[in-house]
Amino acid sequence: NAGVTQTPKFQVLKTGQSMTLQCAQDMNHNSMYWYRQDPGMGLRLIYYSASEGTTDKGEVPNGYNVSRLNKREFSLRLESAAPSQTSVYFCASSEGLGYSYNEQFFGPGTRLTVL
Amino acid sequence: QQQVKQSPQSLIVQKGGISIINCAYENTAFDYFPWYQQFPGKGPALLIAIRPDVSEKKEGRFTISFNKSAKQFSLHIMDSQPGDSATYFCAAMEAGTALIFGKGTTLSVSS
């Protein structure tokens with residue numbers, strides 16, 4: 001099993017450009033998450049999806065949109081990138097529906113730089 | 001408002017020593033306290049977790065100590081090894097809400 005995979009690994013954008021970060025998991029998990037990690041800030045939840053077709057805003061959703069394409073895939077879109085969105089983005093998944101005490105499995109991350 | 005306060009921000013420990021990372025919280029409804037470990041260039045991975053019905057949980061060299069009255073919990077790494085060098089995140093959650101992470105502690109174990 002590959003676990004949680006993310007593409008791309010690295011990306012450089014110019015201010016105002018758009019892009020989509022892709023995430024897929026092969027563990028048959030219901031719940032999927034997008035986090036951003038900034039130096040000294042820990043991990044902050046951007047969006048959460050409890051199941052296909054459902055999404056909820058997290059702590060820092062502004063400037064992002066998400067799409068839960070199916071049970072396996074959860075994408076994060078930046079419509080008009082800003083330098084403040086320079087960060088490392090992690091996708092995660094877990095068993096269960098809704099926020100639960102289940103272990104979250106993280107992908108390897110996407111390092112995004114917005115110039 | 002920072003819901004989970006983690007300290008120290010960075011820590012250097014000699015090989016064989018004890019590493020201690022502390023976290024404090026305010027929300028008494030939190031009832032699940034995991035620790036995640038992250039190596040450079042990798043995603044975080046669950047290391048150990050505790051529920052508030054116990055005061056301590058041990059897995060190998062890693063121990064969580066939990067003090068419900070003080071609203072604090074800590075990670076102890078016994079016999080620290082260079083391979084333990086990583087960033088450690090404490091986290092907390094209450095039922096039905098998102099997991100809240102601390103800001104992280106970068107541990108360096110010198111040989």
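The sequence lines fix the lettering, A, B, ..., with proteins before strands; numbering per chain opens at 1. Atom set for the values below is all heavy atoms of this structure, side chains included, hydrogens, waters and symmetry mates excluded.
No continuous path of hydrophobic side-chain contacts links A/V88 to A/L21 [ILVMFWY only; heavy atoms under 4.5 Å]. Transitive grouping of hydrophobic side chains (ILVMFWY, heavy atoms separated by less than 4.5 Å) brings B/F33 and B/W35 into a common cluster. The same ILVMFWY cluster, assembled from side-chain heavy atoms under 4.5 Å apart, contains both A/F90 and B/M93.
If you measure heavy-atom distances from A/L45 to chain B, the contacts under 4.5 Å come from the side chain alone. Of the two parts of A/Y35, only the side chain, counted from C-beta on, holds a non-hydrogen atom closer than 4.5 Å to a non-hydrogen atom of chain B. With a threshold of 4.5 angstrom between heavy atoms, B/P34 does not approach chain A through any atom at all.
Between the CG atom of A/N102 and the CG atom of B/L46 there is a distance of 10.5 Å, given to the nearest 0.5 Å.
Minimum heavy-atom separation, A/Y99 to B/T97: CB-O, 3.1 Å.
Ranked by heavy-atom pairs under 4.5 Å with chain A, the list B/G104, B/A49, B/P44 is led by B/P44. In terms of heavy-atom pairs under 4.5 angstrom with chain A, the leader among B/Q38, B/K42, B/Q9 is B/Q38.
No more than 12 heavy atoms of other residues, nucleotides or ligands sit less than 6.0 Å from atom CE of B/M78. More than 12 heavy atoms of other residues, nucleotides or ligands lie within 6.0 Å of CD in B/Q81, so this atom counts as buried by the packing criterion. By the 6.0 Å contact criterion, CD1 on B/I12 is open, its count of non-hydrogen atoms from other residues, nucleotides or ligands being 12 or less. Heavy-atom contacts from other residues, nucleotides or ligands closer than 6.0 Å to CZ of A/R44 number more than 12.
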Subject >> B/F101 and A/Q37: CA distance, side-chain angles, deciding distance, side chain to side chain contact (heavy atoms under 4.5 Å, CB included) verdict >> reply: CA-CA 11 Å; B/F101 287 88; A/Q37 182 178 16; over 6 Å; no
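Between the side chain of B/Y36 and the backbone N or O of A/Q104 there is at least one donor-acceptor pair closer than 3.5 Å.
Taking the six-membered ring for Trp and thresholds of 30 and 60 degrees, A/Y101 and B/Y32 have ring planes inclined between 30 and 60 degrees apart.
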